[in-house]
There are 2 protein chains.
Amino acid sequence: MSKQISSVWTREPRPARTPGRSREEIVRATLDLLDTEGLDGLSMRKLGARLGSGATTIYWYVENKDELLELAYNEVWGEIVLPDPEEPGWREAVSAFAHSMRAAMLRHPWVGSLIGRLPALGPNALSLADRLRKAFTLAGFKGLDIDYANAALTAYVFGMVIPEIAWEASMGGEELDQESMNETFQKVAKDFPDLLERVVEVNAKISDTDALRETSFAFGLATMLDGLEARLRA
Amino acid sequence: MSKQISSVWTREPRPARTPGRSREEIVRATLDLLDTEGLDGLSMRKLGARLGSGATTIYWYVENKDELLELAYNEVWGEIVLPDPEEPGWREAVSAFAHSMRAAMLRHPWVGSLIGRLPALGPNALSLADRLRKAFTLAGFKGLDIDYANAALTAYVFGMVIPEIAWEASMGGEELDQESMNETFQKVAKDFPDLLERVVEVNAKISDTDALRETSFAFGLATMLDGLEARLRA
DNA sequence: ACCTGAACACCGTTCAAGT
DNA sequence: ACCTGAACACCGTTCAAGT
C-alpha cells in the first residue's frame, strides 16, 4: 500500500448497510443543491439541512467535501451518451458524444470549476473513456494514437464549454440585450478597435447568441474530426 | 447605463494616485500568493498581511475578491507569446502560441479553476485575441470563420491543460512512482479490463509522464491545425 | 453502527470610525 | 483620500458524547 492519488475512488466505500441515510441519497441531494444554487451554494450545513440531519452526519459517508464533489462529478459523466460506433460510423458516434457532453456540462455548469481541480476517476468517466477508446479503435487508430485522439477530442469539448459556462455565470443568469452587450465591449475593448468593430458587427448580424455558440462548437468539432481523419489516412 | 457584465474591466478604475499602496502592488502580491499557496491559499486577510496592512484595505482598490482574481488572471494572459505570423508562417506562429499558452497555464495552475468562472475580458486577453485574429486572417480565414478558428484553437489548449492541472493537483505535488500509479488504476478501473490493461501497458513502456503529456498535446495540436488547413482549402 | 452539537480555525464583506 | 478594527454571517472539519 504505497502512496495513492487522493480520491473517493481509491478508497473502499463504506459497506453501505443503508439503514436510513445512504451515500446515494446524499449524492442526489448534492446534485440538487449544486444545480439550483451552484458551487458556492453547496455547504455541508445546507446539505445536512436538506437531508434532515446534522451537517456532520455526512462525514460518516464521505471523507470530505471534495469527495462529495467527485461523487457529483461522476453523475454528470453518467449523463453523457456515446452511440454504438458500429452502426452510424465512428465519426457520427463521436460527434454525437461531443454534443452530448456539451449538453451535460451546460446542464450542470458547476462542473466548469471542477475539471481543473478534481480528477475524473469515477466509473462513469472511465466507462466513457473505455467506450470512446473502442470508437477510435474501430475508426482505425492504433496504439497510443487511440489515447491521443481520445484526449484531443474531449479536450476540445472541455475547452469550448468551460469558457461558455464562465460567460453565462458572469451575466448572473440574466439575458443581456444586444445594446448593453455592445456597451460592455466598448468599455472593455476600447484599445482594440479592430476587435471591437468586429464584435459589434457580429452582434448586429447575429442576434441569437445560443445559435452562434452552437455553430462555433460545430465548426471546431468538424475541424477536429477532419484533422483526425487526415491522421487516419496518413 | 443599462445592465452590464460584472467584471473589473467594466468599471472605471480608481484614479490611482498611488500614495503608498497601489493596485499594481496588490496584484503582484496576489499572484505571489496564488503561485505559492494556490487558490485556496489566497485570502483577503493573508493578502493584507503580506502587504503590511489590514485585510479590508484591499477593498479600497478592488470591489471584491473576484475582481482581484480577474486582475491576476489578466497577468497570466500577459505571459503568453504569439510570434509575428508574417515571418515564420501562421501555422508556426499559432503553434508556438499554443505551447506558450500551455506553459503559462502550468506555471499558474490556479487558472485552471478560474477559466470556468470568470470571463477573460482583461486587456491582455483581448490583445491576444486581437493578434490571434490577425494570424488567422493572414492564414486566409474570412468572416466568422476567423472567430471560429480562434475559439477552436484556444479551446483545445484550455481543454488539454485544465485536466492536466487537476491531475497534478490530485497528486498533491508529490511524484507518483509507476508502481503506485498502477496500484491506483487497478483499484479504480477494475471493472474496465481493457482500459486497465492499456494503462498499465503504456506505463510500462513510457516512464516519463511529462514527455507523454507533451507528445499528446502536440498530437492534438497538429490534428487541430491540420483540420484548420483543410478548411482553408475547402 | 450511526448521528449529534459544540467548538476551532478559518472565511468574505460591511461599516462606522479614524487620520 | 485612504486605512483601520470590530462585527456579521458564514465556512469545513474534528471530536467527544450520545443512541
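A, B, ... follow the sequence lines: proteins, then strands. Residue 1 opens every chain.
Nucleotide C:dC11 holds its P atom 7 Å from the CZ atom of B:R45, rounded to whole Å. Distance A:I58 CD1 to D:dG12 P: 9 Å, rounded to the nearest Å. Counting to the nearest Å, the C1' atom of D:dT4 and the CG atom of B:L51 are 15 Å from each other. Regarding A:Y61, its OH atom lies at a distance of 13 Å from the P atom of C:dA1, rounded to whole Å. Rounded to whole Å, atom P of D:dG12 lies 11 Å from atom CG of A:N64. We find that CG of A:L68 is positioned 14 Å from C1' of D:dT13, with the value rounded to whole Å. Rounded to an integer number of Å, the gap from A:D40 CG to C:dT13 C1' is 14 Å. One interatomic measurement links the two molecules: NZ of B:K46 to C1' of C:dA9, which rounds to 12 Å at whole-angstrom precision.
Here B:W60 does not reach the OP1 or OP2 of D:dC3: none of its side-chain N or O atoms lies under 4.0 Å away. Of the side-chain N and O atoms in A:Y59, none sit less than 4.0 angstrom from OP1 or OP2 of C:dC2.
Of all nucleotides present, only D:dT4 satisfies the Watson-Crick or G-U wobble test against C:dA16, with each distance under 3.5 Å. For C:dC11, there is no paired nucleotide, since no Watson-Crick or G-U wobble pair has both relevant distances below 3.5 Å.
Residue contacts for B:L47: at a heavy-atom cut-off of 4.0 Å it reaches no nucleic acid atom on any strand shown. Residue B:L42 is in sugar-phosphate contact alone, with no base atom involved, counting any heavy-atom pair closer than 4.0 Å across all strands shown. Among the heavy atoms of the strands lying under 4.0 Å from A:T57 is at least one base atom, whether or not backbone atoms are also near. Within the 4.0 angstrom heavy-atom criterion, only backbone atoms of the sugar-phosphate kind lie near A:S53; the bases stay farther away.
Between the side chain of A:S43 and the base of D:dG12, no donor-acceptor pair under 3.5 Å is found.
Nearest to the side chain of B:M44, among C:dG12, C:dT14, D:dG12, sits C:dG12.
Aromatic ring centres of A:F217 and A:H99 lie closer together than 6.0 Å.
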| said: Between A:L153 and A:V94, is the side chain to side chain contact (heavy atoms under 4.5 Å, CB included) condition met? List the steps. | reply: CA-CA 9 Å; A:L153 185 82; A:V94 157; 3.3 Å; yes

| said: Determine whether B:I162 and A:I162 satisfy the following criterion, side chain to side chain contact (heavy atoms under 4.5 Å, CB included), listing intermediate values before the conclusion. | reply: CA-CA 10 Å; B:I162 290 172; A:I162 290 172; 3.8 Å; yes

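Atom CG of B:N124 sits about 4.0 Å away from atom CG of B:N74, to the nearest 0.5 Å.
B:R28 has no carboxylate O lying under 4.0 Å from a charged side-chain N of B:E25, or vice versa, which leaves the two without a salt bridge.
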